[in-house]
Amino acid sequence: MKTAVIYARYSCDNQTEQSIDGQLRVCEEYAQRNNILILNTYIDRAMTGTNDNRPDFQKMLKDSNRKEWDYVLVYKLDRFSRNKYETAIHKKTLRDNGVKVLSAMENIPDTPEGIILESLLEGMNQYYSAELAQKVSRGMKETRRKGLYQGGTVLYGYKIDGRKIVVDENDAEVVRYMYKQYANGVFVRDIIKDLTEKGILYKGKPFVKNSVYNILRNEKYSGVYKHGEEVIDNMYPQIVPTDIYEKVRAKVTNNKYGKKSVKIDFLLRQKLICGNCGQPMHGESGTTKNGTKIYYYKCNGRKKRINDCNKGMIRKEVIEDIVINSAVEELSNPENMNYIVNELLQIQEMQLKENSVLKVLTKQQKQVETAINNMVNAVERGIITNATSKRLKELEHQQELLERQILIERSKQAVQFKESDIREFYEQMLHEPKMLITYLVKQVVLYDDKIEIQFNSPIRISPDNEQSGLIFYSETIEMITYKWAKTKPYTQRTQLVLYI
């Protein structure tokens, strides 16, 4: 029996999951008609077909290297790609792996004429995509020139009158109030508090920081905004005076709210624990007297007064440097590296041997085969009844289903990482701090006089090769000096490295 995977895609947010469901249904029906077993599906949602920057598409190409299936089944060829040059390249990649692309809706014969037909369809798909993009861009540009509403969510403070955007005076007054208050130095939290007390809501709920900052950052309230190189000044009527808008924009640009979460990556987020009270330590930001931005971790128990914890804050770069440098130093030790790689290989081998699902399916398959043989022997001896015939058909159908399930289960187990693969990924993590902390560091406990780093993977660091936790002692965190100390064994092993 031939095997295949389905690749499905829709282009934009205007399309829905129904588009995917329809593609999958047609492809599955095609597979049934042609006796093809579907092993997997790859789906890209709201992804254009004009380029190959699609996660599941790239995964499908990579997985084809395993040579476990014969076809990639698509609804139409334009779901695969609308770029004929990339189509040719990727089809060759699949072809080198023994995989062919099939279209469920386009009856392309496997003949020389079929090659011409397929090339024409691919060219037409690319032409259609380029022409449509050109028409849409031209239409949107013309709409902007006329100052007409282009669709989408209507900005707070405005409403639609026909095809024109006009000021909604009730909401516009709230926008002006926000800008004036913020320009006068009032904090956003106080603006929100005042609005809430007055019963002024945003989409039926009290304003939150994000919604207020989005309003304060939006240049459309000044009556002018840019779209690429275009300057549009006839679409959004001005709500906020220019001088107030410019003052607020300057303050928002220098404001620290939001930068922390967008640009600053707190590597120990959800890893760092307060040693005093056991609460997580979250990333925070602040400003020194001279205006310098600083980032630090603060105990959630102390911040939200969950308990009486008095744990002090610690600078982000200090604690992260300690954890990264210490972890790299210990985990790059050849003895530890070899030990962990060997442990992971043993875990993988054990998982492959103890595949309970495959064992159960194989056992059921043997039972069904035995039952079929018994039925066949009965038929050969002349024992033929309606019940016998019906039961034999049921067993044959069950046998077919089991064969499919076993084939699918074996395909899942087909990928086995070699020692070189694991070692390469391990060494890559040692050079990328975020990966190192994500996959190898389980937890970091911060006390007043010591830091405890617990690893997901077992490591050998004590003289007698006993598994140990890794603890650093110091009089102060900033002036770190540490020594090894045995603690209770941390025996939990991670399997994440095997499934990245």
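- For Tyr221 and Tyr236, the ring centers are positioned 6.0 Å apart or more.
- Evaluation of the side chain to side chain contact (heavy atoms under 4.5 Å, CB included) rule for Lys67 yields Asn97 as partners, not counting sequence neighbours.
- Aromatic rings from Phe266 and His282 are positioned such that their centres are separated by 6.0 Å or more.
- Within the 3.5 Å criterion, the main-chain N or O of Ser103 finds no donor-acceptor partner in the side chain of Tyr30.
- Annotation: side chain of His397 is not in contact with side chain of Lys393 (no heavy-atom distance under 4.5 Å).
- The six-membered or imidazole ring of Phe207 lies near that of Tyr156, with a centre-to-centre distance under 6.0 Å.
- Note that CD of Gln443 and CD1 of Ile273 are 4.5 Å apart. Values are rounded to the nearest 0.5 Å.
- The backbone N or O of Thr93 lies less than 3.5 Å from no partner atom in the side chain of Asp96, so there is not a single donor-acceptor pair.
- For an aromatic pair to be called close, the ring centres must be under 6.0 Å apart, and Tyr75 with Tyr7 fails this.
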So Lys164 and Met235, side-chain contact (heavy atoms from CB on, under 4.5 Å) or not? Walk me through it. CA-CA 8 Å; Lys164 296 290 292 185; Met235 185 179 296; over 6 Å; no
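- Using a 4.5 Å cut-off on side-chain heavy atoms (C-beta onward), Met105 and Val26 make contact.
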List the steps and the verdict of salt bridge (charged side-chain N to carboxylate O under 4.0 Å, His left out) for Glu394 and Arg391. CA-CA 5 Å; Glu394 290 175 352; Arg391 178 57 179 160; 3.5 Å; yes
Could you go through Asn35 and Lys2, starting from their C-alpha distance and side-chain angles, then the distance that decides it, and tell me whether this counts as side-chain contact (heavy atoms from CB on, under 4.5 Å)? CA-CA 7 Å; Asn35 197 29; Lys2 294 291 185 178; over 6 Å; no
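- In this structure the side chain of Gln365 never reaches within 4.5 angstrom of the side chain of Val368, judged on heavy atoms.
- To the nearest 0.5 Å, the span separating CD on Glu369 from CG on Asn374 amounts to 12.0 Å.
- Between the SG atom of Cys27 and the CD1 atom of Ile38 there is a distance of 7.5 Å, given to the nearest 0.5 Å.
- Using a 4.5 Å heavy-atom threshold, the side chains of Val5 and Leu73 count as separate.
- Under the 4.0 Å criterion applied to side-chain N and carboxylate O atoms, Lys100 and Asp70 are not assigned as salt-bridge partners.
- At a threshold of 4.5 Å between non-hydrogen side-chain atoms, the residues Leu268 and Tyr297 count as touching.
- Looking at Asp56, its side chain does come within 3.5 Å of a backbone N or O of Ile43 through a donor-acceptor pair.
- With hydrogens and angles disregarded, no donor-acceptor distance shorter than 3.5 Å links the side chain of Asn34 to the backbone of Ile36.
- Distance alone, capped at 3.5 Å, places no donor-acceptor pair between the Ser326 side chain and the Val323 backbone.
- At least one side-chain heavy atom of Val101 sits under 4.5 Å from a side-chain heavy atom of Leu94.
- A side-chain donor-acceptor contact under 3.5 Å links Arg9 to the backbone of Arg79.
- In the displayed structure, Glu424 atom CD is contacted under 6.0 Å by at most 12 heavy atoms of other residues, nucleotides or ligands.
- No donor-acceptor pair closer than 3.5 Å links the side chain of Arg249 to the backbone N or O of Leu216.
- Within the 4.5 Å cutoff, side-chain heavy atoms of Leu430 are placed close to those of Leu436.
- With respect to Glu419 and Arg423, a salt bridge is recorded, a charged nitrogen being found less than 4.0 Å from a carboxylate O.
- A donor-acceptor distance shorter than 3.5 angstrom exists from the side chain of Lys271 to the backbone of Val441, with no hydrogens or angles considered.
- A pairwise comparison of heavy atoms in Val72 and Met60 identifies CG2-SD, 3.6 Å as the closest pair.
- Atom CD1 of Ile6 sits about 11.0 Å away from atom CG of Leu102, to the nearest 0.5 Å.
- Considering only heavy atoms from C-beta on, Val212 comes within 4.5 Å of Ile192 through its side chain.
- A salt bridge links Arg66 with Asp63; the closest basic N to acidic carboxylate O contact falls under 4.0 Å.
- A donor-acceptor pair shorter than 3.5 Å cannot be found between the side chains of Glu396 and Gln398.
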Check step by step if side-chain contact (heavy atoms from CB on, under 4.5 Å) holds for Asn338 and Val341. CA-CA 5 Å; Asn338 292 334; Val341 170; 5.9 Å; no
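- The line from CD1 of Ile322 to CD of Glu317 is 10.5 Å long, rounded to the nearest 0.5 Å.
- Residues Glu432 and Lys434 are not paired through a salt bridge, judged by the lack of any N-O separation under 4.0 Å between the basic side chain and the carboxylate.
- Note that CD of Glu320 is 4.0 Å distant from CG of Leu267, once rounded to the nearest 0.5 Å.
- What you find for Leu201 and Pro206 is that their closest heavy atoms are CD2-N, 3.7 Å.
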Can you check side-chain contact (heavy atoms from CB on, under 4.5 Å) on Leu61 and Gln58, steps first, answer last? CA-CA 5 Å; Leu61 292 176; Gln58 291 296 333; 4.1 Å; yes
